[in-house]
Each structure stands twice: as structure tokens, then as C-alpha cells.
Amino acid sequence: MHRIIDRIDASELNTEADALPPIHKWSPEITLPSDMHIDAQGTWFHEGGEIKRLPLCQLFASILKKEGDGYVLVTPREKFTLDVDDVPFILVSVSRIEDTLVFRNNLNQVLHLTEANVFELREYEGVQVPYIQVRDDLFARVSRTCFYHLVDMAEPVESNDGTRYQVNSAGTSYELGRH
């Protein structure tokens, strides 16, 4: 079994603040298992143990890519498969800065909600909750606490088919649900 923690050379990766490695340019032919897992709460595991070092999780997140129905960690030479229970990121807080909603995820990364992000309602544990595109095909689920904050910010809009609740961010309206 290949230990991904031992095989990734961090010197190959650009880890400057807000900069991501150019994973869209990397198409390695070698695919290896990683024995990594991201659970439904966004917690990262390797070989069954929780990865507790936030910078290491942030490094892995910077090389995470959705490929088909699965996820891989990609480097210039190899890619490593990993299991993801739902989505790799959980949005844990939201605030408003001027007219934009700003979210923080479970890896302490910031997401500004703009029209460039896909915002969609999906079913999770029997309830419709928002999922927001982080980058490419990677999404984050809005946590329950964060969703309650969004509901507090929502405005009701009356229509022929009932009342819908929406939040506005960066000039775009996003529906949270109907009543």
C-alpha cells in the first residue's frame, strides 16, 4: 500500500495563500489508492486515523479534483483515489461583507458567493440544503448552523405558488426554499 502522506512532495506544489497548484494541467497516467477518506462532516482520514493537522488537510484540498463519479488527489506524476461520503467541504459560517455573503469552510478557507458559483439545493438526510460550488466540480454543503444563519438573512418573496425565501449576494438572488 502506498502511503500518500509519504509520497506527495510539497515542494512541487505552490502553497502561497489563495494560490492553487495548476492541477487542471496535470494528467498523470499512474493512479494509486491512497487509503484516504473524507466523511460526511468533512473530516479527513488516512489509514483509518483522523488527519488532525489543518495545514496538511489544506494541502490535500489544494490538489483535490473530481474525476467522473469519484475524487482524486493529483500531482504532476501520480493521482491517488480517495473516498468521499458526500462532498469534501462543509461551510461552517457565513457573514455579510457589504453586499456579498462570505462563507468559511471546515478547513478555514473563505468562499465569496458570486454568480460564478453554482448554488443548488440537494437532499441531505431527508432535508433540502444548499450546496455551493467551491471550484471546478467541487462542492461544499452548508452546515445546519450556517443554514440557520442564512435563514435569518433571508427575505420572503411572495409568488403565485407560495412564499419563497431567498438571500442576495453580489447582486444575485439564491432561493433557500419555499413555504
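All of these numbers come straight from a predicted model, not from anything done at the bench. Counting begins at 1 with the first residue of the sequence.
- With values rounded to the nearest 0.5 angstrom, Q109 atom CD is found 8.5 Å from S62 atom OG.
- For the salt bridge (Lys or Arg N to Asp or Glu O under 4.0 Å) condition, no pair includes a residue of residues 98-113, sequence neighbours left out.
- Looking at every heavy atom in both residues, P88 comes nearest to L138 through CG-CD2, 4.3 Å.
- Using modelled atom types, no side-chain atom of S169 and backbone atom of T100 make a donor-acceptor pair closer than 3.5 Å.
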List the steps and the verdict of side-chain contact (heavy atoms from CB on, under 4.5 Å) for N105 and L91. CA-CA 4 Å; N105 74 15; L91 299 172; 3.9 Å; yes
Verdict with supporting geometry, I51 and M36, side-chain contact (heavy atoms from CB on, under 4.5 Å): CA-CA 10 Å; I51 301 173; M36 289 186 73; 3.7 Å; yes
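- V157 meets the side-chain contact (heavy atoms from CB on, under 4.5 Å) test with R164, Q166; sequence neighbours excluded.
- Between D85 and I38 the shortest side-chain heavy-atom distance does not fall below 4.5 Å.
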Would F139 and V118 satisfy side-chain contact (heavy atoms from CB on, under 4.5 Å), going step by step from the backbone distance to the final call? CA-CA 9 Å; F139 280 79; V118 174; 4.0 Å; yes
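- Scanning for side chain to side chain donor-acceptor pair (under 3.5 Å) contacts around R96 gives an empty result, with sequence neighbours left out.
- Heavy atoms of other residues, nucleotides or ligands lying less than 6.0 angstrom from CD of Q128 number more than 12.
- Follow the hydrophobic side-chain contacts under 4.5 Å out from F60 and you never reach I90; the two are in separate clusters.
- Contacts classified as ring pair (Phe, Tyr, Trp, His ring centres under 6.0 Å) and involving residues 81-127 (residues at least two apart or in different chains) are given here: F119-Y174.
- At a threshold of 4.5 Å between side-chain heavy atoms, the hydrophobic network of Ile, Leu, Val, Met, Phe, Trp and Tyr places I23 and L82 in one connected group.
- Under the rule for a side chain to side chain donor-acceptor pair (under 3.5 Å), the partners of S159 that lie at least two apart in sequence or sit in another chain are D161.
- Residues V94 and L150 form a side-chain contact, since some pair of their non-hydrogen atoms from C-beta on lies under 4.5 Å apart.
- Between T75 and P28, the closest side-chain pair of non-hydrogen atoms is not below 4.5 Å.
- Residues satisfying the side-chain contact (heavy atoms from CB on, under 4.5 Å) criterion with T43, sequence neighbours excluded, are D39, Q41, F45, E50.
- In this structure, the separation between SG on C146 and CG on L101 is 9.0 Å, given to the nearest 0.5 Å.
- Side-chain N or O atoms of D83 include none that pairs as donor or acceptor with a backbone N or O of H37 at under 3.5 Å.
- Looking at every heavy atom in both residues, V129 comes nearest to Y131 through O-CD1, 3.4 Å.
- Evaluation of the salt bridge (charged side-chain N to carboxylate O under 4.0 Å, His left out) rule for E67 yields K79 as partners, not counting sequence neighbours.
- Checked against side chain to side chain donor-acceptor pair (under 3.5 Å), E120 has the following partners two or more places apart in sequence or in another chain: R122.
- Between V167 and S173 the shortest side-chain heavy-atom distance does not fall below 4.5 Å.
- Hydrophobic clustering, with ILVMFWY side chains joined whenever heavy atoms are under 4.5 angstrom apart, groups I30 together with F80.
- Distance check, rounded to the nearest 0.5 Å: OG of S34 to CD of E47 gives 9.5 Å.
- Closest non-hydrogen pair, W44 versus A61, comes out as CH2-N, 3.9 Å.
- Side-chain atoms of N117 come within 3.5 Å of backbone atoms of Q133 as a donor-acceptor pair (strictly under, hydrogens ignored).
- Legend: side-chain hydrogen bond (donor to acceptor under 3.5 Å, both in side chains) pairs involving residues 136-154, not counting sequence neighbours, sorted by first then second residue: D86-R141.
- Linking Ile, Leu, Val, Met, Phe, Trp and Tyr whenever their side-chain heavy atoms come within less than 4.5 Å puts L111 and V142 in one cluster.
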Check against side-chain contact (heavy atoms from CB on, under 4.5 Å), T31 and T81: CA-CA 7 Å; T31 303; T81 60; 3.7 Å; yes
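- Annotation: side chain of T114 is not in contact with side chain of T172 (no heavy-atom distance under 4.5 Å).
- Taking E29 as the reference, nothing meets the side chain to side chain donor-acceptor pair (under 3.5 Å) condition, with sequence neighbours excluded.
- The hydrophobic clustering, which links ILVMFWY residues whose side-chain heavy atoms are closer than 4.5 Å, places L64 and L59 together.
- The side-chain contact (heavy atoms from CB on, under 4.5 Å) test applied to E155 returns N168, not counting sequence neighbours.
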